[in-house]
Amino acid sequence: MTANGAISLDTDNLETALARFPRDRAMWIDGREIAAEETIERRSPAHGAVVTRVPRGTSEHALSAIAAARRAFDTGSWPHETASTRSRVLLRVADLIDRDRELLALMDCLESGKPIAQARGEIEGAADIWRYAAALARELSGESYSNLGSDRLGFVLREPIGVVSIITPWNFPLLIVSQKLPFALAAGCTCVVKPSEMTSASTLHLGGLLAEAGLPEGVCNIVTGYGPEVGAPMTSDIRVDMVSFTGSTAVGRAAMAAAAATLKKVSMELGGKNPQLIFPDADMDAALDAATFGAYFNAGECCNAGSRLLLHADIAENFLAELAKRAASVKVGDPLDEDTRVGALISVDHLGKVEAHIRDASAAGAELRVGGARLSSNGLFMAPTIVAGVTTSMAISKAEVFGPVVVALTFRTAQEAVELANATDYGLSASVWSRDIDTAISVGRGVRAGTVWVNTFMDGTPELPFGGYKQSGVGRELGRNAVNDYTEEKTFHVHTGPRTSWWLPRG
Ligand code: NDP
């Protein structure tokens, strides 16, 4: 940022970055690269330059991708491969992601506006998840029962569920598809993937890596385009067995309703309004750093953002004063600059929505402590913002703003803190800051959220499951059950020896 608050952008750096990968990309259907009649042009939200042109897939493309996935499942080899073969392919994909780390990071950075250093970390994280899925592939197993009598055996097989539709949002493009696809593949499923039309490049590039790694044709199909055209058939077509969706609660609800007509299994990772509860005995320096990180990481465009600060009244004022200093020191700027911490927001429409949330909160009597304004007229940058004096009757205390905006509320007792934490329809995650283990654990247990961090924030690892309570989602991703989620159980009852129990009287 310059002294007058404008963002300075390095155009030479941008040209070098853009020259590193092709702007025109194709979809992947049945092992072939497919174009469409129309393309969708994606401009960098930071620079305004064209980054990629991806096919505007139609419902026909989605249907032919579903047909390819169905064929690959019903008649192809992938569902019948050994765990060893499947895991080898997944490990090769992980190595290829590592090989192309810089390209993939540049694609995600330029299409989404996120800082390049952060994007690199996400690509590394994605490769790690593919390796974790490869390990789980070797562990996939059922159960057996030899305690049913000497003439009876029972066993339960885990079989791949079938064709899986994978629909992903724009905020963590390669990372989120990597929380789903490798586990579905590890189970032996075939897939149709639809990334957000704004951030399709890294997912399409992944399509090439899958082919290079030896994944058979038709096992993973990638269709780009808009939700109502491409995503809708993926949630309603009878040939699809499961829908794995990450996105907003509103679209997730519609996708789930569409899937219900044919009773598909669904996995939904949706929004959040995640509380960070700070008690007076917390390590304040650490809590302040985590609160700053939680509020502004990925410009707040993060389902897990710590967007709701719940402060004990005794420390609230000092905490907010220090947080304001830290917010003002966050480097907002060119996503290609290695030191940038907060890049551009995803789109002008989205920036407008974030600003509207802040305006409405001010009109409702909340107090804007810092930020609240965009930092340049053309790039979509926004100042890290703190809205204090918020009460539970204000819309901003409950709505997912999805921007660099944190709201602050205060509490007096642990019980009040828990009640405040639970006072939204979401339940994705929460963090509790206290040196007192009793407080930390009992408050954490009271909060209805899928993840609770204690004296840390937004740590993640594939070993631990992730997902939401309430309207933050259905089901869990990652963790030791991540492959099981993409399976059906088949029960075998086996009788050995002569029949011992006759239904009709024996004459
Ligand atoms: P959206 O819900 O708008 O879109 C998500 C995906 O669904 C996109 O690929 C979109 O396509 C597609 N889609 C849109 N309409 C339909 C439809 N009718 N049928 C099927 N698919 C459809 O979310 P955003 O992309 O705006 O992402 C932001 C949201 O994602 C936030 O609310 C955030 O909280 C949530 N999120 C949740 C996470 C979690 O794990 N809990 C993680 C990351 C984000 P298109 O964009 O092309 O129209």
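Both ligands and their constituent atoms are indexed starting at 1 by order of listing.
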Under 4.0 Å, heavy atoms only, figure out whether ligand 1 is touched by the backbone of [X], its side chain, both or neither.
X	value
Cys303	both
Ile176	side chain
Glu301	neither
Ile167	side chain
Phe245	side chain
Thr168	backbone

With a cut-off of 4.0 Å, which atoms of ligand 1 are near a heavy atom of [X]?
X	answer
Gly225	47 (O)
Ser248	1 (P), 2 (O), 3 (O), 23 (O), 29 (C), 30 (O), 32 (O), 35 (C)
Gly271	34 (O)
Gly227	11 (O), 13 (N), 14 (C), 15 (N), 16 (C), 17 (C), 19 (N), 22 (C), 45 (P), 47 (O), 48 (O)
Ser196	9 (O), 46 (O)
Asn171	43 (C), 44 (C)
Leu428	41 (N)

For [atom], which protein heavy atom lies nearest, and how many Å away is it?
atom	answer
atom 47 (O) of ligand 1	Glu197 OE1, 2.3 Å
atom 27 (O) of ligand 1	Pro169 CB, 3.2 Å
atom 41 (N) of ligand 1	Leu270 O, 2.4 Å
atom 35 (C) of ligand 1	Gly247 O, 3.0 Å
atom 31 (C) of ligand 1	Phe402 CZ, 3.3 Å
atom 20 (C) of ligand 1	Gly231 C, 3.3 Å
atom 40 (O) of ligand 1	Glu269 CB, 3.2 Å
atom 24 (P) of ligand 1	Trp170 NE1, 3.3 Å

Exercise for the section: Verify, without hydrogens or angle tests, whether Lys265 (side chain) and Glu488 (backbone) share a donor-acceptor contact under 3.5 angstrom. Expected result: no

Practice task
Please check if the side chain of Thr385 supplies one atom and the backbone of Ala383 the other of a donor-acceptor pair under 3.5 Å.
Solution key: yes

May I ask you to check if ligand 1 and [X] share an N or O to N or O distance below 3.5 Å?
X	result
Tyr226	no
Phe172	no
Gly272	no
Phe466	no
Thr235	no
Thr246	no

Exercise for the section: Give me the ring orientation class for Phe402 and Trp170: parallel if the planes are under 30° apart, tilted from 30 to 60°, perpendicular past 60°. Expected result: perpendicular

Practice task
Using a distance threshold of 4.0 Å (strictly less than), state whether atom 4 (O) of ligand 1 has a protein heavy-atom neighbour.
Solution key: no

Handout entry: ligand 1 contacted by Ala232 (non-hydrogen, < 4.0 Å)
Key = yes

Practice task
For the pair Arg131 and Asp98, evaluate salt bridge (charged side-chain N to carboxylate O under 4.0 Å, His left out) and give the outcome as yes or no after the intermediate values.
Solution key: CA-CA 11 Å; Arg131 294 196 172 94; Asp98 280 343; 2.7 Å; yes

Completion exercise
Only residue of Leu345, Val330, Ile386, Val332 satisfying side-chain contact (heavy atoms from CB on, under 4.5 Å) with Pro404 is Leu345

